[in-house]
K.L.:
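I have a structure here, written as structure tokens, and I will follow up with some questions on it.
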Amino acid sequence: MTKVVKGGRVLGFAALTVVGDGDGGIGMGKGKAREVPVAVQKAMEEARRQDGEGQPESGTLQHAVIGHHGSSRVYMQPASDGTGIIAGGPMRAVFEVMGVQNVLAKCLGSTNPTTWFAPPSTG
């Protein structure tokens, strides 16, 4: 992001990070700062604080899930052994740090990566 002020341009950076323990635990953090390393550091601290729980059963999801965030939808479905992670870039990173090896996922609606980490809902 660039903001133009009297003295010139002021740059700002945003970072989105995901941390996991490989056994279903996951946390997501967002950080903003004037410099990239500081933004990443802030995002990592928030992600570590926000450690969620979950246990993948036999390397896949237990059932199909649809996550909602505004008008965006994220569809996740369990897959059989050997399928691998069939998902877009940011979602692939999430599944890898969770320890999920076989899953089918699709983002419907927004192309903004921050909306893809919507909490799952039933329905």
Side-chain angles (χ1 to χ4, degrees):
M1 173 192 84
T2 304
K3 178 179 177 183
V4 180
V5 295
K6 184 177 179 182
R9 293 188 187 110
V10 177
L11 297 175
F13 298 95
L16 178 67
T17 60
V18 180
V19 295
D21 58 5
D23 196 30
I26 190 167
M28 189 271 299
K30 295 184 280 185
K32 289 184 184 179
R34 303 263 183 215
E35 300 174 6
V36 174
V38 179
V40 171
Q41 182 181 6
K42 286 181 179 181
M44 290 296 283
E45 288 172 4
E46 183 182 337
R48 286 190 200 105
R49 267 184 274 138
Q50 193 187 36
D51 190 27
E53 296 178 14
Q55 295 180 347
E57 186 175 306
S58 68
T60 188
L61 302 178
Q62 295 162 351
H63 54 82
V65 178
I66 298 175
H68 303 270
H69 186 271
S71 63
S72 300
R73 303 283 181 266
V74 176
Y75 179 73
M76 297 171 278
Q77 174 181 326
S80 59
D81 287 339
T83 302
I85 300 173
I86 299 176
M91 288 189 65
R92 178 179 300 274
V94 171
F95 290 127
E96 286 176 357
V97 298
M98 279 183 67
V100 175
Q101 289 99 15
N102 303 300
V103 68
L104 303 170
K106 179 69 179 171
C107 178
L108 305 167
S110 175
T111 58
N112 187 346
T114 58
T115 63
W116 297 354
F117 300 111
S121 63
T122 57

K.L.:
Report yes or no: do V94 and M44 belong to one cluster of Ile/Leu/Val/Met/Phe/Trp/Tyr joined by side chain heavy-atom distances under 4.5 Å?
P.N.:
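No, separate clusters.
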
K.L.:
Hey, does V97 have a side-chain heavy atom less than 4.5 Å from the side chain of I26?
P.N.:
yes

K.L.:
In Å, rounded to the nearest 0.5 Å, how long is the span from CG of D21 to CE of M98?
P.N.:
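With rounding to 0.5 Å, CG (D21) is 9.0 Å from CE (M98).
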
K.L.:
Counting N and O atoms only, with roles assigned by atom type, does the side chain of E35 sit under 3.5 Å from a partner on the main chain of A33, one being a donor and the other an acceptor?
P.N.:
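Answer holds: no.
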
K.L.:
Identify the two heavy atoms, one from E46 and one from K30, that lie closest to each other, and give their separation to 0.1 Å.
P.N.:
OE1-O, 2.8 Å

K.L.:
Can you get from F95 to V65 by hopping between Ile, Leu, Val, Met, Phe, Trp and Tyr side chains that sit under 4.5 Å apart?
P.N.:
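Same hydrophobic cluster.
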
K.L.:
More than 12 heavy atoms of other residues, nucleotides or ligands under 6.0 Å from CD of Q50: is that the case?
P.N.:
yes

K.L.:
If you round to the nearest 0.5 Å, how far is CZ of R48 from OG1 of T17?
P.N.:
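Nearest 0.5 Å value for the OG1-CZ distance: 8.0 Å.
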
K.L.:
Keeping T60 on the side-chain end and A79 on the backbone end, is there a donor-acceptor pair under 3.5 Å?
P.N.:
yes

K.L.:
Search all heavy atoms of P78 against all heavy atoms of A64 and return the closest pair with its distance.
P.N.:
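Heavy-atom minimum between the residues: CD-N, 3.6 Å.
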
K.L.:
Which pair of heavy atoms, one from A39 and one from F13, lies closest together, and at what distance?
P.N.:
CB-O, 3.8 Å

K.L.:
Hey, is the main chain of A87 close enough, under 3.5 Å, to the side chain of R92 for a donor-acceptor pair?
P.N.:
yes

K.L.:
For L61 and Q77, work out which heavy atoms get closest and say how close.
P.N.:
CD1-N, 4.1 Å

K.L.:
Measure the shortest side-chain to side-chain distance between M76 and K106 over non-hydrogen atoms and say whether it is less than 4.5 angstrom.
P.N.:
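A side-chain contact under 4.5 Å is absent here.
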
K.L.:
Are V36 and L11 grouped together when hydrophobic residues (ILVMFWY) are joined by side-chain heavy atoms under 4.5 angstrom apart?
P.N.:
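Shared cluster, yes.
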
K.L.:
Measure the spacing between CG of L108 and OG of S72 and express it to the nearest 0.5 Å.
P.N.:
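Answer rounded to 0.5 Å: 9.0 Å.
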
K.L.:
Using 0.5 Å steps for rounding, measure from the NZ atom of K32 to the CG atom of L16.
P.N.:
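Separation between the atoms: 12.0 Å.
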
K.L.:
Quick check: closest heavy atoms across A15 and A43, and the distance to 0.1 Å?
P.N.:
O-CB, 3.7 Å

K.L.:
Side chains of K42 and V38: does their closest heavy-atom pair fall under 4.5 Å?
P.N.:
yes

K.L.:
Determine whether R73 and H68 make a side-chain contact, defined as any pair of heavy atoms from C-beta on separated by less than 4.5 Å.
P.N.:
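Of all side-chain heavy-atom pairs linking H68 with R73, at least one is under 4.5 Å.
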
K.L.:
When Ile, Leu, Val, Met, Phe, Trp and Tyr are grouped by side-chain heavy atoms lying under 4.5 Å apart, directly or through other members, which residues fall in the same group as V10?
P.N.:
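For the cluster that includes V10, the remaining residues are V5.
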
K.L.:
In the hydrophobic cluster built from side-chain contacts under 4.5 Å, what are the other members alongside I86?
P.N.:
L104

K.L.:
Which heavy-atom pair separates I85 from E96 by the least distance, and what is that distance?
P.N.:
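In terms of heavy atoms, the two residues are closest at CD1-CG, 3.7 Å.
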
